[in-house]
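It should be emphasised that the depicted structure is a prediction, and the values quoted were computed from it without experimental measurement. Computation of the quantities below employed the complete heavy-atom set of this structure, encompassing side-chain atoms and omitting hydrogens, waters and symmetry-equivalent molecules.
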Amino acid sequence: MGKFVFTPNGSAEIKDRYDAVIVGAGGAGLTAAIQAKELGLNVAVFEKNADLGGNTNRASSGMNASESLVQLNEGIIDNKEDFYQETLKGGGRLNDRDLLRYFVDHSAVAIDWLMNHGIELTNLTITGGMSKKRAHRPASMAPVGSYLVTGALKQIKEKSIPVFNNSRVISLLQNEQKKVVGIEVETDSGTRKVQATAILLASGGFGSSKDLIQKYRPDLANYKTTNQPGATGDGLKLAAKVDAQLEQMEFIQVHPTAQTDTDHVYLIGEGLRGEGAILVNKSGQRFVNELNTRKIVSDAITKLNEDGAYLLFDQTIRNNFTAVEFYDHVGLVNQGSSIEELAENIGVNSNNLKKTISKWNEAVKNKNDSEYQRTTGMDRTIEQGPFFAIHINPAIHYTMGGIHITPKTEVLDSDGNIISGLYAAGEVSGGLHGNNRIGGNSIAETVIFGRQAGIQMSEFTRQYK
């Protein structure tokens with residue numbers, strides 16, 4: 001039997017039936033479980049991995065939202081239409097417009113919902129492709145993903161929601177009318193069937209699936225990935241077996257700043273550039289607007305043909321992005337007491353690097369980057385030693401394609417009809433992001449559509465009570 005992760009007495013059995021079953025214990029699954037439980041459902045979560053949180057644990061920058069009270073408290077006047085249009089532009093205008101509209105319109109209330117559950121995102125930063133500080137993060141500036149998972153699991157425990165790890169869902173059960181009515185789950189004790197009125201697939205994307213990447217994007221087959229090893233597209237395969245429609249599967253995002261020199265790939269969060277870091281090549285020169293979309297920045301790094309680039313920042317910027325402490329702890333950060341010393345340590349031309357930083361500091365002070373037209377992430381110069389650099393390369397990061405859903409998270413079949421009883425939310429679904437995801441939108445997606453799934457499953461289940 002799968003281990004029961006949270007219960008008052010330390011153990012519990014998997015029941016034969018629940019109102020709702022959730023497949024995956026990442027941000028979307030945990031959010032949906034909390035919301036569904038609060039609306040009266042008897043709900044259980046099944047997770048194939050030993051650890052909970054999925055890729056959400058690896059998110060570091062923030063959660064995007066517009067027109068939030070947090071923004072107003074910091075004097076930032078934002079509007080939903082700008083958020084909508086900038087996300088649409090960032091996605092190559094290939095986004096599902098209905099999904100995107102729901103996403104944008106429910107972003108601020110999702111921040112409030114988290115606040116009401118003790119998950120407080122009261123600090124702001126900015127990510128590529130955005131014109132305003134929309135990425136909400138903890139006041140400590142800690143990585144948003146693990147903070148969110150920790151807070152959600154606290155709620156899961158308080159509400160005694162059963163979460164079974166080491167429990168792989170291997171098939172969806174359907175009745176004669178093709179309604180999804182349960183799951184077949186494989187645990188340490190064997191295989192068993194569990195009945196449910198509603199089933200949510202919240203099992204993440206396929207960024208760690210060599211076979212699916214080879215199938216849809218063979219040009220990326222040799223890229224390393226920032227994804228956790230369990231991100232192998234299991235939910236997509238489950239859905240396809242019940243004739244769910246998959247869309248935009250070729251849209252796989254390469255993140256520009258990953259540390260790929262070791263066996264373990266580390267994502268270097270976009271928020272570091274949002275706080276003022278710049279990118280330089282081996283000649284010590286900038287070569288791109290660092291806060292353009294991920295696709296554009298990744299392409300620019302690849303075109304250097306120099307085995308990546310260097311992310312450069314100073315102590316002041318480091319103080320405003322605390323994930324750097326972790327990067328340093330695991331040995332990813334190069335350091336120099338002066339620009340010259342840093343240049344020597346990383347093998348970059350010292351004179352060029354000093355000129356580059358001097359020119360950048362002037363651009364920040366004048367709020368005018370005439371070289372690459374960067375307009376955001378320019379609140380801090382690079383002047384306060386010591387100085388730091390992280391060697392980065394692009395790596396597979398996010399799969400924009402997935403299960404075709406409605407704004408109610410209902411799954412559509414190959415004919416465009418709703419598959420009764422089946423829902424999907426988070427990275428397992430497709431369409432929201434178009435051909436490029438904006439940094440900060442994945443955490444927002446998990447909470448916004450996780451909540452929506454919890455609400456819709458509750459409404460659907462009430463028909464049968």
Side-chain angles (χ1 to χ4, degrees), residues 58-62 64 86-94 125-135 207 217 219-220 223-227 251-261 265-313 317 321 323-324 327 332 348 356-357 360 363-364 369-378 382 389-400 433-442:
R58 299 193 174 200
S60 57
S61 293
N64 284 343
E86 289 166 22
T87 302
L88 191 63
K89 179 182 177 183
R93 307 191 72 82
L94 295 169
T125 190
I126 197 164
T127 59
M130 298 282 98
S131 64
K132 299 282 177 70
K133 288 186 174 182
R134 295 191 181 110
R217 286 292 301 276
D219 58 311
L220 300 179
Y223 274 59
K224 291 188 177 181
T225 180
T226 65
N227 285 227
F251 292 162
I252 298 175
Q253 181 174 76
V254 174
H255 194 290
T257 57
Q259 218 292 341
T260 64
D261 299 336
V265 176
Y266 294 93
L267 171 68
I268 309 302
E270 196 161 337
L272 185 54
R273 282 171 282 147
E275 295 301 327
I278 62 173
L279 285 166
V280 299
N281 59 23
K282 285 189 175 179
S283 298
Q285 298 170 321
R286 290 177 68 217
F287 56 92
V288 70
N289 171 356
E290 294 85 352
L291 283 171
N292 213 317
T293 63
R294 290 175 172 180
K295 187 177 189 303
I296 290 173
V297 179
S298 293
D299 288 347
I301 295 168
T302 300
K303 287 176 183 176
L304 292 174
N305 290 316
E306 294 181 351
D307 184 29
Y310 283 96
L311 198 56
L312 198 79
F313 53 102
I317 294 169
F321 196 72
V324 174
Y327 305 151
L332 309 182
V348 164
T356 294
I357 291 175
W360 170 249
V364 172
D369 176 22
S370 59
E371 198 169 16
Y372 291 104
Q373 291 73 54
R374 177 167 162 177
T375 58
T376 57
M378 300 179 70
I382 300 176
I390 300 175
H391 185 235
I392 55 88
N393 261 298
I396 290 170
H397 181 55
Y398 195 89
T399 50
M400 279 79 69
H433 305 291
N435 68 1
N436 174 71
R437 180 178 64 78
I438 295 292
N441 277 358
S442 64

Please verify the inter-ring angle class for Y310 with H391; under 30° counts as parallel, over 60° as perpendicular, anything in between as tilted.
tilted
Please verify the inter-ring angle class for F321 with Y327; under 30° counts as parallel, over 60° as perpendicular, anything in between as tilted. tilted
Does the side chain of [X] reach to within under 4.5 Å of the side chain of [Y], using non-hydrogen atoms?
X    : Y    : value
V280 : I357 : no
I268 : L332 : yes
Y223 : N393 : no
F287 : I301 : yes
W360 : D369 : yes
I252 : R217 : yes
Q259 : I390 : yes
Q253 : N436 : yes

Give a yes or no answer on whether the side chain of [X] reaches the backbone of [Y] with a donor-acceptor pair at less than 3.5 Å.
X    : Y    : result
S298 : P394 : no
T127 : G440 : no
E270 : G128 : yes
T356 : G284 : yes

How close do [X] and [Y] get, counting heavy atoms only, and between which atoms?
X    : Y    : value
S131 : I126 : C-CD1, 3.9 Å
G269 : S60  : CA-OG, 3.1 Å
T225 : G207 : OG1-O, 3.0 Å
A258 : T226 : CB-CG2, 3.9 Å
V288 : A300 : CG2-CB, 3.8 Å
S283 : V348 : C-CG1, 4.2 Å

Rounding to 0.5 Å, atoms CG (L267) and OG1 (T257) come to a distance of 6.0 Å
Separation between CD (E290) and CG (L279), nearest 0.5 Å, reads 5.0 Å
Check: Does the ring centre of H433 sit less than 6.0 Å away from the ring centre of Y398?
Finding: yes
**Item:** Pair E86 + K132: basic N to acidic O under 4.0 Å
**Value:** no
Sorted by chain and residue number, the side chain to side chain contact (heavy atoms under 4.5 Å, CB included) partners of N292 (sequence neighbours excluded) come out as N289, I296, V297
Residue set satisfying salt bridge (Lys or Arg N to Asp or Glu O under 4.0 Å) with K133, at least two apart, ordered chain then number -> D379
